[in-house]
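First up is the structure itself, then whatever we jot down about it.
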Amino acid sequence: DERTEALADMVSEVVAEMRTHITRAAYGNWEEMKESLLSQSLPSYLKQLEDFLGEKTWFAGDQLTYADFMAYEYLHVARVMESTILELYPNLRRLVASFEELEPIAAYLKSDDYLSVANRFNNKMARWGSGEP
């Protein structure tokens with residue numbers, strides 16, 4: 001329905017902005033940009049997502065949408081950057097747990113396919129998230 005689509009679209013725009021900040025830092029001067037990303041940019045986006053999600057199961061309510069997939073991807077990236085980054089966001093932690101409990105997602109996260117690319121978010125040119133040590 002139109003309401004579900006609108007809610008998903010709003011969330012996807014916030015996640016896209018968050019992704020832009022992460023990507024800019026990953027391909028830029030990672031060491032210089034990492035601190036402000038983790039202390040300023042990401043907390044701002046995470047707070048928006050936390051508040052928007054509220055007590056809903058998924059961002060659009062009871063229906064899983066593409067926005068939940070997008071959000072999960074970049075919440076996962078943020079957790080890899082800083083394992084404690086979601087501590088202040090109980091609604092987002094609940095969303096991540098619910099997403100990871102979905103049967104196909106849970107199976108994938110245990111698979112060799114996932115484990116072979118678990119920390120690859122960017123190509124080899126990136127200074128962070130390329131899967132390189």
Side-chain angles (χ1 to χ4, degrees):
D1 68 14
E2 286 185 22
R3 183 178 187 285
T4 299
E5 289 177 25
L7 292 171
D9 288 348
M10 286 187 280
V11 170
S12 72
E13 290 300 318
V14 173
V15 173
E17 289 178 24
M18 186 169 84
R19 178 182 59 211
T20 298
H21 281 265
I22 292 170
T23 302
R24 188 177 297 131
Y27 284 88
N29 189 335
W30 174 249
E31 293 307 318
E32 269 185 35
M33 300 173 87
K34 178 183 177 182
E35 185 178 330
S36 70
L37 179 68
L38 293 173
S39 66
Q40 296 171 18
S41 300
L42 287 182
S44 172
Y45 292 116
L46 295 174
K47 175 81 168 102
Q48 289 178 59
L49 293 170
E50 172 79 4
D51 292 346
F52 190 86
L53 179 60
E55 298 300 317
K56 298 188 298 286
T57 304
W58 306 109
F59 282 108
D62 292 331
Q63 185 175 349
L64 182 68
T65 69
Y66 76 96
D68 300 296
F69 282 83
M70 285 181 69
Y72 174 79
E73 179 182 5
Y74 281 90
L75 293 173
H76 171 68
V77 170
R79 286 187 309 169
V80 170
M81 274 189 265
E82 177 57 59
S83 63
T84 61
I85 199 158
L86 296 182
E87 278 184 359
L88 300 175
Y89 310 101
N91 298 333
L92 294 179
R93 288 196 320 269
R94 179 178 38 79
L95 176 109
V96 166
S98 295
F99 193 87
E100 290 177 346
E101 289 171 0
L102 295 170
E103 189 175 324
I105 301 299
Y108 175 69
L109 292 175
K110 293 175 187 170
S111 74
D112 289 339
D113 288 340
Y114 170 74
L115 296 174
S116 70
V117 296
N119 293 323
R120 289 189 189 159
F121 310 113
N122 300 301
N123 71 34
K124 292 182 180 188
M125 293 174 55
R127 296 178 185 205
W128 180 84
S130 66
E132 300 294 320

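Just so we're clear, the structure is a prediction, and the values are computed from it rather than from any experiment. Computed from heavy atoms alone, side chains included, the values below leave out hydrogens, waters and symmetry copies.
- Cluster annotation: Met81 and Tyr27 are assigned to distinct hydrophobic clusters (Ile/Leu/Val/Met/Phe/Trp/Tyr, side-chain heavy-atom contacts under 4.5 Å, transitive).
- Here the straight-line distance linking atom CD of Glu82 with atom CG of Leu86 works out to 10.0 Å at 0.5 Å rounding.
- Atoms CZ and OH, from Phe69 and Tyr72 in turn, are 11.0 Å apart once rounded to the nearest 0.5 Å.
- One finds the CZ atom of Phe52 at 12.0 Å from the CG atom of Leu92 (value rounded to the nearest 0.5 Å).
- Listed for the Arg94 side chain is a donor-acceptor partner under 3.5 Å among the backbone atoms of Lys56.
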Next item on the list: Mind running side-chain contact (heavy atoms from CB on, under 4.5 Å) on Tyr89 and Asp51 for me, showing each step along the way?
Entry: CA-CA 9 Å; Tyr89 310 101; Asp51 292 346; over 6 Å; no

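- With rounding to the nearest 0.5 angstrom, the CZ atom of Phe99 is 9.5 Å from the CD atom of Glu73.
- Using a 4.5 Å cut-off on side-chain heavy atoms (C-beta onward), Val11 and Thr65 make no contact.
- Closest approach of Ser12 and Ala67 over heavy atoms only: N-CB, 4.3 Å.
- The nearest pair of heavy atoms linking Asn91 to Gly54 is CG-O, 3.1 Å.
- Minimum heavy-atom separation, Ala71 to Phe59: CB-CE1, 3.5 Å.
- The two atoms that bring Gln63 and Trp58 nearest to each other are O-CB, 3.7 Å, heavy atoms only.
- The shortest heavy-atom contact between Tyr74 and Met18 is CB-CE, 3.3 Å.
- Although no hydrogens or angles enter the test, the distance criterion places no donor-acceptor pair under 3.5 Å between the side chain of Thr84 and the main chain of Glu87.
- The hydrophobic clustering, which links ILVMFWY residues whose side-chain heavy atoms are closer than 4.5 Å, places Leu109 and Met70 together.
- Using a 4.5 Å heavy-atom cutoff, the side chains of Ile22 and Leu42 are in contact.
- To the nearest 0.5 angstrom, Glu100 atom CD is 9.5 Å from Leu95 atom CG.
- Met33 belongs to no multi-residue hydrophobic cluster, having no ILVMFWY side-chain contact under 4.5 Å with any other such residue.
- Note that CZ of Arg79 is 11.0 Å distant from CD1 of Ile85, once rounded to the nearest 0.5 Å.
- Just one of Ser36, Ser44, Ser41 meets the side chain to side chain contact (heavy atoms under 4.5 Å, CB included) condition when paired with His21; it is Ser41.
- By the 4.5 Å heavy-atom criterion applied to side chains, Arg93 and Leu75 are not counted as neighbours.
- Under the 4.5 Å side-chain criterion, counting only non-hydrogen atoms from C-beta, Leu49 is in contact with Val15.
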